[in-house]
2 protein chains.
Amino acid sequence: MYKADQMWVAIDCLVFGYDVQEEKLKVLLFKRKVDPFSGQWSLIGGLVNYNEDIYASAERVLKEFTGLEGVFLEQLHTYGKADRDPGGRVISILFWSLIKLDQLFKDTANAHGAKWFDIDELPQMVLDHCQMIENGKEKLRFQAKNAPLGFELLPENFTMPQLLRLYQAIYDQQLDDRNFRKKILSTKLLVKQDFKDKSSSKKGAYFYQFDKEKYQELKKKGYHIEFVLK
Amino acid sequence: MYKADQMWVAIDCLVFGYDVQEEKLKVLLFKRKVDPFSGQWSLIGGLVNYNEDIYASAERVLKEFTGLEGVFLEQLHTYGKADRDPGGRVISILFWSLIKLDQLFKDTANAHGAKWFDIDELPQMVLDHCQMIENGKEKLRFQAKNAPLGFELLPENFTMPQLLRLYQAIYDQQLDDRNFRKKILSTKLLVKQDFKDKSSSKKGAYFYQFDKEKYQELKKKGYHIEFVLK
DNA sequence: GCAAAAGTGTTACTGATACACCCATGA
DNA sequence: TCATGGGTGTATCAGTAACACTTTTGC
C-alpha cells in the first residue's frame, strides 16, 4: 500500500536493446523492490516528483537504472485503470527507450539488479507490464519503418548485414538482402566508412554510419522516408 | 489554485467535427469555469476521479459536454510539465474524439456553453491547449490515411464528393477526384446505396455507407489499408 | 438549351519484388 | 583450394499519378 485516497503518478520505462552477437532483441527488467509484488520482474520505473517534468522523470529513471543519458526516449501511452495496481491509485506514464547494447553496458545493468531478457522469452511481470511490452513491440515495429530508429539500437559503426539482421529480428521474418541494401542506401542517409568489420567473415563487411544531421534536416523539410517493410 | 503539494490528474478532450455544409473541420471549445484563466477558451476537460478508469473519465467528460456516447475516443498524449498549470501540479491526459456534426448537435453544444471553432480560426486558449490541438491535427492527418477514420466525421450516409471534400479539408490540399474514387472504392469497404443526395446538384450524388463490420474483420486478419495520401 | 455538379478510363511512370552469381579472404 | 559470408544487377510487376470528356437534370 502506498497511501489511501491519493493519486500517484508513475513513470515506467520500456528499454529495448539489440544484441548484435546473439542477433536478438532484448528488454530490460528489474526485480521490483516495493510491495505489493516485491521481488517480481518489472519494467524499470519510479514515481514522478512534485516539481519534476514527466519527461525529466523518465530521464531520471533511465539514468538510475542504466547510467545512460541522451538516448532515444519518448512517451508511449498512459495506463490508468482504477484497479491496475492493488497497492493504490497509480497512473503510469509509459516511456520507451532504444539503446545501444554492449557488454560493458550489460554489466552495468546487472550491477543495478536489472537483467536483459530476450523479447520472446519474457518472465511473468507485475501489473500490466506485459501489456506495456506488447504495446511497445507494436510501436517498435511500426516506427522502425517510418523513421530510422534502427540506428539507435546499433553501435555507431555498423555493417549492412548487422542492420539487415536487426530488421529481421524486429519483424521476425527474412528480408531479401539485395532489396534491403538498395532501399536503405536509396535514402542517402548512410555514410560508408573505409574500414571493415572482419569479426564475422574473412572478406569483412564495410562499416556504415548513420547521418543523423542530414536526417534531421530532411525531417524539418517535411521529408518522409518509408523504411523497409518486407 | 487547486491545492498545494498535491498532484492532480486531468483529462482534456480534443473533439473534432466536420461541417458538411461549410466543408470545414471544427474543434469544440468551451469557456473555462475555474481559476486561473476562468472565462478563457479551453478544450473540454475535467479531473479524473479517484475510483475512475481514465478512459471512463474521458467518456464522462465527453458526455457532459456533448451528450454523446459510443463515438470514436482514444488517448493521444500526456502533458506533464511541472509548470504547465500555474494553479497547481496538474498532469493532463489528452484524448481525442471524432464526431458527426449536425445542426441538432451544434445546438446541444451551444446549450452547454461550448462552441465550435474553425480549425484555422482558433482563439487564444488556456495553458498548453494550443499545443494539444497541434498534436491532434498531426495525428488526424496521420491516422486519416492509415485507417478509415474519415467516416467517423460524416453522417452514416455520405456521398463521394462529400468524402473527397472532407479529405481535402483534412490535408488542406486538392485531390484528384478520379484517383480518389478509385482508391477509396478499391478497399471494397463502401457500400453504394440506391438513393441519391440531391441537395447539392441537379444530377444528385449516390449515397454510400461505410462497412464497419467488414473493416473490423479485415483488421483482425492483420490487413492494413492505406487510405488516400495525395 | 444551358449551367452545375457527378461520374467515368487510359496511359505513362515510378517504385517494389523476385531472383543467382561473383568476390575477397583466412585457414 | 575451398568454405564462408559479403556484395552486386536486371527483368517483371503493381500501384500511383496525370489527365478530359460525357452524363444528368432542374431551371
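Chain letters run A, B, ... following the sequence lines, proteins first and then strands; every chain starts at 1.
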**Prompt:** Residues two or more places apart in sequence or in another chain: which of them pass side-chain contact (heavy atoms from CB on, under 4.5 Å) with Lys115(B)?
**Reply:** Trp41(B), Phe117(B)

**Request:** Would you mind reading off the distance between Phe180(A) atom CZ and dA16(C) atom C1', rounded to a whole angstrom?
**Result:** 15 Å

**Asked** Would you say the side chain of Lys100(A) lies within less than 4.5 Å of the side chain of Leu154(A), judging by non-hydrogen atoms?
**Response** no

Under 3.5 Å, which donor-acceptor pairs link side chains of residues 10-26 of chain A to any protein atom two or more places apart or in another chain?
unit_1	atom_1	unit_2	atom_2	d
Asp12(A)	OD2	Ser92(A)	OG	2.5
Tyr18(A)	OH	Leu166(A)	N	3.4
Asp19(A)	OD1	Gln21(A)	N	3.0
Asp19(A)	OD1	Glu22(A)	N	2.9
Asp19(A)	OD2	Lys106(A)	NZ	2.7
Glu22(A)	OE1	Lys26(A)	NZ	3.0
Lys24(A)	NZ	Asp118(A)	OD2	3.2
Lys26(A)	NZ	Asp118(A)	OD1	2.7

**Message:** With salt bridge (Lys or Arg N to Asp or Glu O under 4.0 Å) as the rule and sequence neighbours excluded, what pairs involving residues 64-73 of chain B come up?
**Reply:** Arg60(B)-Glu64(B), Lys63(B)-Glu69(B)

**Prompt:** Can you check the Asp197(B) CG to dG26(D) P distance for me, whole Å?
**Reply:** 14 Å

**Asked** Ile184(A) CD1 to dG7(D) P: how many Å, rounded?
**Response** 14 Å

**OP1 or OP2 of dG26(C) under 4.0 Å from side-chain N/O of Lys198(A)** = yes

**Request:** List the protein contact pattern of nucleotides 6-15 of chain C with one symbol per nucleotide (5' to 3'): B for base contact, S for sugar-phosphate-only contact, - for none; contact means a heavy-atom distance under 4.0 Å.
**Result:** BSBBB-----

Tell me which donor-acceptor pairs under 3.5 Å the side chains of residues 200-208 of chain B have, and how far apart each pair is, sequence neighbours excluded?
unit_1	atom_1	unit_2	atom_2	d
Ser201(B)	OG	Gly204(B)	N	2.9

**Message:** Taking side-chain hydrogen bond (donor to acceptor under 3.5 Å, both in side chains) as the definition, give me every residue that meets it alongside Arg141(A), ordered by chain and number, with sequence neighbours left out.
**Reply:** none

